[in-house]
Amino acid sequence: MTTGQVKNLCETTRTKLKVAIAKMELFLNHYSLPQLLTENDPAMDEFYRGYLSDTRHLLVFCEVSYEKLGVSLRRPNFNEDFAERTLYDIYHNCVNGFFYPQNECYSEDGRYAYTGQDAIRFRKKPTREARNLTIELSKIFEELREDLSYYETDYITQKRMQGDRV
């Protein structure tokens with residue numbers, strides 16, 4: 001990748017992260033565990049505790065990455081190595097954090113990925129607001145996964161071949 005391509009990728013990634021951050025912040029600022037629990041069901045209590053925890057963790061990863069991209073783009077001399085390491089971290093922390101949440105409240109079912117249907121399947125039926133947030137985020141993180149696919153494995157392979165420690 002050329003320096004210009006890396007810089008452009010940083011800019012588009014930062015824009016997408018900004019949208020995801022805004023959506024997560026809006027949700028987390030408006031909904032708490034008591035608001036999401038509509039019935040006295042211990043299974044749903046566990047589900048929403050995990051869902052909110054995963055969303056908060058993802059938000060923090062996205063905010064840190066957003067700031068790192070901002071630093072990278074504001075430097076007088078664009079540091080390609082720093083930028084690429086940041087993009088690598090975004091793929092592994094943000095994209096993977098979304099698609100493989102720790103509490104497994106939802107998962108991606110690849111069989112639906114090419115049918116135009118939502119590929120996200122929930123372990124329990126969430127409120128409409130939680131479902132909508134997850135589906136909206138899935139679209140953003142699908143785009144980021146495609147944009148940053150190079151950083152899944154090829155980036156590390158290239159660095160190791162160059163003798164760099166990762």
Side-chain angles (χ1 to χ4, degrees), residues 8-73 83-156:
N8 185 47
L9 188 56
C10 286
E11 290 168 351
T12 60
T13 299
R14 190 165 191 260
T15 300
K16 290 172 185 173
L17 285 177
K18 183 177 184 177
V19 172
I21 289 167
K23 289 179 182 299
M24 286 184 278
E25 281 182 342
L26 184 64
F27 179 84
L28 291 170
N29 287 337
H30 284 88
Y31 295 98
S32 62
L33 187 58
Q35 291 171 303
L36 294 170
L37 284 172
T38 55
E39 59 213 43
N40 189 13
D41 180 354
M44 288 307 290
D45 181 71
E46 179 187 348
F47 173 83
Y48 282 121
R49 283 180 191 278
Y51 183 83
L52 290 170
S53 176
D54 287 342
T55 304
R56 287 189 295 267
H57 281 99
L58 182 61
L59 175 60
V60 170
F61 283 134
C62 289
E63 287 174 331
V64 168
S65 298
Y66 177 82
E67 289 304 316
K68 282 184 176 180
L69 287 174
V71 167
S72 180
L73 291 167
E84 286 205 298
R85 179 59 199 214
T86 301
L87 292 169
Y88 170 85
D89 289 342
I90 290 168
Y91 185 91
H92 289 277
N93 293 327
C94 300
V95 174
N96 284 344
F98 175 79
F99 285 108
Y100 305 104
Q102 181 179 358
N103 292 291
E104 299 177 345
C105 294
Y106 61 85
S107 61
E108 181 183 35
D109 188 339
R111 295 176 291 184
Y112 292 96
Y114 303 103
T115 64
Q117 297 177 346
D118 296 325
I120 301 296
R121 296 291 172 249
F122 292 90
R123 185 167 37 103
K124 298 277 185 190
K125 186 176 182 182
T127 63
R128 183 179 319 132
E129 295 82 10
R131 182 190 181 288
N132 288 348
L133 172 68
T134 307
I135 299 304
E136 289 172 12
L137 290 176
S138 74
K139 291 175 174 69
I140 295 168
F141 285 103
E142 282 174 19
E143 287 180 20
L144 284 172
R145 181 169 55 187
E146 288 175 21
D147 295 348
L148 303 175
S149 62
Y150 168 75
Y151 297 96
E152 182 178 15
T153 56
D154 295 347
Y155 169 75
I156 291 298

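Fair warning: this is a prediction, and the values are worked out from it, not measured in the lab. Computed from heavy atoms alone, side chains included, the values below leave out hydrogens, waters and symmetry copies.
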Name the one of F99, Y100, F98 that satisfies ring-ring contact (aromatic ring centres under 6.0 Å, His included) with Y106?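 Of all the options given, the one that passes is F98.
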
In Å and rounded to the nearest 0.5 Å, what is the [atom1] to [atom2] distance from [X] to [Y]?
| X | Y | atom1 | atom2 | answer |
| --- | --- | --- | --- | --- |
| F47 | L33 | CZ | CG | 11.5 Å |
| Y48 | L36 | OH | CG | 5.5 Å |
| L137 | L58 | CG | CG | 7.0 Å |
| T86 | Y151 | OG1 | OH | 9.5 Å |
| R145 | I140 | CZ | CD1 | 13.5 Å |
| K139 | T134 | NZ | OG1 | 11.0 Å |

Contacts of R49 that satisfy salt bridge (Lys or Arg N to Asp or Glu O under 4.0 Å) - sequence neighbours left out: D45

Listed partners of E136 passing salt bridge (Lys or Arg N to Asp or Glu O under 4.0 Å), at least two apart: K23

Please work out which of the three classes, parallel, tilted or perpendicular, describes the rings of Y88 and H92, given edges at 30° and 60°.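 Aromatic pair H92/Y88 classed tilted.
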
Any idea how F27 and Y51 line up, ring-wise: parallel (<30°), tilted (30 to 60°), or perpendicular (>60°)?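 Ring orientation, 0 to 90° scale: perpendicular.
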
Does E104 have more than 12 heavy atoms from other residues, nucleotides or ligands lying within 6.0 Å of its CD?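 Atom CD in E104 is not packed in, count stays at 12 or less.
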
Does N29 CG have over 12 foreign heavy atoms under 6.0 Å away? yes

Who pairs with Q35 by side-chain contact (heavy atoms from CB on, under 4.5 Å), at least two apart in sequence or on another chain?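 In terms of side-chain contact (heavy atoms from CB on, under 4.5 Å), with neighbours along the sequence ignored, Q35 is linked to Y31, S32.
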
Residue pair [X] / [Y]: nearest heavy atoms and the distance that separates them:
| X | Y | answer |
| --- | --- | --- |
| C94 | S65 | SG-OG, 3.6 Å |
| L37 | D41 | CD2-O, 4.5 Å |
| P101 | D54 | CB-OD2, 3.2 Å |

Are D89 and V64 close enough that some pair of their side-chain heavy atoms sits under 4.5 Å apart? no

Less than 4.5 Å apart, side chain to side chain, heavy atoms only: is that true for S138 and I120?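 Yes - at least one pair of side-chain heavy atoms lies under 4.5 Å apart.
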
Mind listing the side-chain donor-acceptor pairs of residues 13-22 below 3.5 Å, one per line with the distance, residues two or more places apart or on another chain?
unit_1 : atom_1 : unit_2 : atom_2 : d
T13    : OG1    : L9     : O      : 2.7
R14    : NE     : Y66    : O      : 3.2
T15    : OG1    : E11    : O      : 3.0
K16    : NZ     : E143   : OE1    : 3.4
K16    : NZ     : D147   : OD2    : 2.4

Go through the structure and list residues passing side chain to side chain donor-acceptor pair (under 3.5 Å) with N93, not counting sequence neighbours.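 Listed in chain order: nothing, the list is empty.
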
Please list every donor-acceptor pair under 3.5 Å in which a side-chain atom of residues 124-133 meets a protein atom from a residue at least two apart or in another chain.
unit_1 : atom_1 : unit_2 : atom_2 : d
T127   : OG1    : A130   : N      : 3.3
R131   : NH2    : D118   : OD2    : 3.2
N132   : ND2    : R128   : O      : 3.4

Do side-chain atoms of R123 reach the backbone of N103 as a donor and acceptor pair under 3.5 angstrom?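 Yes, because the side chain of R123 sits within donor-acceptor range (under 3.5 Å) of the backbone of N103.
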
